[in-house]
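Encoded as structure tokens, the structure appears first; notes follow it.
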Amino acid sequence: MQLEFFGAAGEVTGSCHILRVAGRDLLLDCGMIQGGHDAPARNRLPFPFEAAAIDAVVLSHAHIDHCGRLPLLVKRGYRGPIYTNKACADLVPILLRDSASLALRDSERAARHGERIEPLYDLDDVETTLRQIVPMPYDTQRGLLPGVVVRVRDAGHILGSSSVELWASEGETRRKLVFSGDLGQYDTPILQDPYRFESADLVLMESTYGNRLHRGREDTERELGGILAQAERDGGNVIVPAFAIGRSQELLYLLAKHYAEWHLARWKVFLDSPMAIAASRVYWNNPERFDEETTRLRENFRGMPPLPNLVLSESSEDSRAINHVRSGALIIAGSGMANGGRVLHHLKHNLERPECHVVIVGFQAPGTLGRQLVDRQPEVRIHGQRVRCLAQVHTLGGLSAHGDQDDLLRWYDSFAGRPPVYLVHGEVPSAEALAVKLREHGAVATVSRPGLTIDLANLPALSVD
Ligand SMILES: [Zn+2]
């Protein structure tokens with residue numbers, strides 16, 4: 001009965017953990033590594049296990065750093081089930097098909113420069129992967145393998161995101177593991193709060209913002225309103241690199257909510273991402289997980305938030321047309337870390353203009369363009385071209401899909417008996433800062449590292465269910 005850390009140990013991306021119970025192997029997530037020059041090469045490395053020998057996969061949510069290498073796992077021989085929440089199962093096809101298209105485009109671009117790069121996987125691999133997905137409702141136990149029972153709970157991070165409860169039995173020994181997945185902030189728009197657990201023998205917990213406190217929700221909304229007012233006075237555009245899933249829908253929701261107050265009639269709002277448009281439709285068609293405020297809003301308006309000046313840019317011609325808009329455009333475009341996608345074109349056209357504003361609304365991994373903007377680099381490279389950063393860059397931590405240090409501690413504090421906790425999905429300083437705080441809260445907290453293996457049978461049995 002062993003748990004081994006493979007990905008997202010000592011870093012944020014590439015989530016993947018291996019659980020071995022009674023001779024069976026189960027994966028928690030199989031995510032893509034993002035950011036850094038070596039990320040493409042690292043994604044291609046052999047897995048530290050035989051893909052065909054894995055018996056089951058449980059996927060916490062649809063972000064690419066959690067699901068992005070599933071098609072590679074399938075390409076390398078995995079034929080078993082991929083269990084995940086129902087709404088997540090609706091979102092995963094959007095992300096994986098996009099990921100395969102990006103891989104193909106990168107490989108074609110390389111070929112034009114005389115380089116041969118085989119795509120990590122192709123659309124056929126993705127379609128095979130999608131056929132292996134088994135949707136699960138929240139809050140219902142399910143036996144996955146002999147000796148393994150699982151239940152997914154709402155993690156409040158993005159639609160369909162789960163924390164995973166996992167009961168493992170070997171002979172007389174029974175242990176309960178809780179894997180947090182990515183945890184949302186409390187009291188965010190649209191989604192419900194992360195589920196409160198009461199018992200576990202071992203907790204595997206994310207630590208993305210383990211060393212930071214986000215600004216309060218109301219202050220954040222006020223700050224965003226202030227940025228839009230300033231941008232209007234400056235007469236430029238506003239660019240928001242946003243994750244297609246989660247942030248984009250939350251931004252649209254906030255813009256609809258404050259439409260009159262923020263004088264948004266004077267702006268044109270572009271949602272420039274086919275993936276974000278598709279994801280928005282999935283969001284509004286899954287209202288059963290909404291919080292009260294959003295449920296009320298949806299009842300009044302049926303469907304997408306009412307934003308009369310919203311332009312959905314589906315085609316690349318639609319996207320290119322935005323390049324001619326010099327002022328009054330609020331452009332929400334992927335990718336969220338500006339390491340690819342349509343937002344690059346908008347940054348190329350607007351970064352050198354001091355009257356323009358860039359609003360960063362999510363986590364930016366080291367090595368990404370988004371991180372360089374957050375770090376206020378005077379100059380960056382986009383598509384091989386040097387671009388000076390003269391636009392004003394704002395970081396709105398309060399809009400993050402991830403809980404901050406207080407949220408993470410609040411989540412852990414609901415466990416009775418203070419189970420030991422291993423921290424994943426955080427850069428080392430962030431995970432270490434959270435470990436210090438967790439120890440003050442009575443936990444034995446360890447920062448995980450790749451290859452670290454824990455024998456669950458050696459842990460005291462604390463859980464009561
Ligand atoms: Zn996530």
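Bear in mind the structure is a predicted one, so any value in this text is a computation, not a measurement.
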Are [X] and [Y] close enough that a side-chain donor and a side-chain acceptor fall under 3.5 Å?
X      : Y      : value
Ser180 : Glu206 : no
Ser60  : Asp29  : yes
His63  : Asp182 : no
Ser319 : Asp272 : yes

Within-4.5 Å side-chain heavy-atom neighbours: [X] and [Y]:
X      : Y      : answer
Val361 : Arg247 : yes
Phe5   : Ile18  : no
Lys176 : Glu165 : yes
Pro419 : Tyr412 : yes
Met136 : Lys86  : no
Val393 : Arg376 : yes
Ser163 : Tyr195 : no
Tyr422 : Leu202 : yes

Pairs satisfying ring pair (Phe, Tyr, Trp, His ring centres under 6.0 Å), at least one member in residues 444-465, at least two apart: none
Say whether, by atom type as modelled, one donor and one acceptor occur between the side chain of [X] and the main chain of [Y] under 3.5 angstrom.
X      : Y      : value
Ser273 : Ala333 : no
Thr453 : Leu3   : no
Ser280 : Gln249 : no
Asp55  : Asp25  : yes
Asp193 : Asp187 : yes
Asp201 : Leu462 : yes
Glu170 : Ala22  : yes
Thr368 : Gln364 : no
His425 : Val12  : yes
Thr84  : Cys88  : no

Check the surroundings of atom [atom1] in [X]: do more than 12 heavy atoms from other residues, nucleotides or ligands lie under 6.0 Å from it?
X      : atom1 : result
Arg449 : CZ    : no
Lys437 : NZ    : no
Lys257 : NZ    : yes
Glu261 : CD    : yes
Glu292 : CD    : no
Arg79  : CZ    : yes

Test applied, side-chain contact (heavy atoms from CB on, under 4.5 Å); reference residue, Leu456; option that passes from Arg20, Gln2, Met1, Arg174: Met1
Option from Leu28, Val178, Val21 for which side-chain contact (heavy atoms from CB on, under 4.5 Å) with Leu166 holds: Leu28
Pair [X] and [Y], ring centroids less than 6.0 Å apart:
X      : Y      : result
His157 : His66  : no
Trp284 : Phe290 : yes
Phe179 : His17  : yes

Do [Y] and [X] meet the salt-bridge criterion of a basic N to acidic O distance under 4.0 Å?
X      : Y      : value
Arg175 : Asp455 : no
Arg151 : Asp139 : no
Arg342 : Glu314 : no
Arg371 : Glu427 : yes

Residues Asn43, Leu72; criterion side-chain contact (heavy atoms from CB on, under 4.5 Å); working and verdict: CA-CA 9 Å; Asn43 280 319; Leu72 182 66; 5.7 Å; no
For the [atom1] atom of [X] and the [atom2] atom of [Y], what is their distance to the nearest 0.5 Å?
X      : Y      : atom1 : atom2 : value
Leu408 : Leu438 : CG    : CG    : 8.0 Å
Leu409 : Ser414 : CG    : OG    : 11.5 Å
Leu204 : Leu19  : CG    : CG    : 10.0 Å
Leu183 : Thr208 : CG    : OG1   : 8.5 Å
Asp219 : Leu224 : CG    : CG    : 12.5 Å
Phe197 : Ser463 : CZ    : OG    : 12.5 Å

Verdict with supporting geometry, Leu26 and Ile54, side-chain contact (heavy atoms from CB on, under 4.5 Å): CA-CA 6 Å; Leu26 178 141; Ile54 295 293; over 6 Å; no
Test: Arg410 cationic atom under 6.0 Å from Tyr186 six-membered ring centre, within 45° of axis: yes
Arg76 NZ/CZ over Phe47 ring centroid, <6.0 Å and within 45° of normal: yes
Arg217: partners by side chain to side chain contact (heavy atoms under 4.5 Å, CB included), with sequence neighbours left out: Gln185, Thr188, Pro189, Glu221, Glu250, Leu399
Parallel, tilted or perpendicular: rings of Trp411 and Phe415 (30°, 60°): perpendicular
Please list, one pair per line, the donor and acceptor atoms closer than 3.5 Å that link side chains of residues 90-102 to other protein atoms, with sequence neighbours excluded.
residue, atom, partner, partner atom, Å
Arg97, NE, Glu127, OE2, 2.8
Arg97, NH2, Glu127, OE1, 3.2
Ser99, OG, Tyr121, OH, 2.6
Ser101, OG, Arg97, O, 2.9

From CA spacing to verdict: side-chain contact (heavy atoms from CB on, under 4.5 Å), Asp65, Ser15: CA-CA 6 Å; Asp65 61 322; Ser15 178; 5.8 Å; no
Derivation of the ring-ring contact (aromatic ring centres under 6.0 Å, His included) call for His214 and Tyr209: CA-CA 9 Å; His214 297 322; Tyr209 285 116; 4.7 Å; yes
side-chain contact (heavy atoms from CB on, under 4.5 Å) evaluation trace for Phe243 with Ile245: CA-CA 5 Å; Phe243 293 93; Ile245 293 175; 5.8 Å; no
Taking every non-hydrogen atom, the tightest pair across Leu73 and Cys30: CB-SG, 4.3 Å
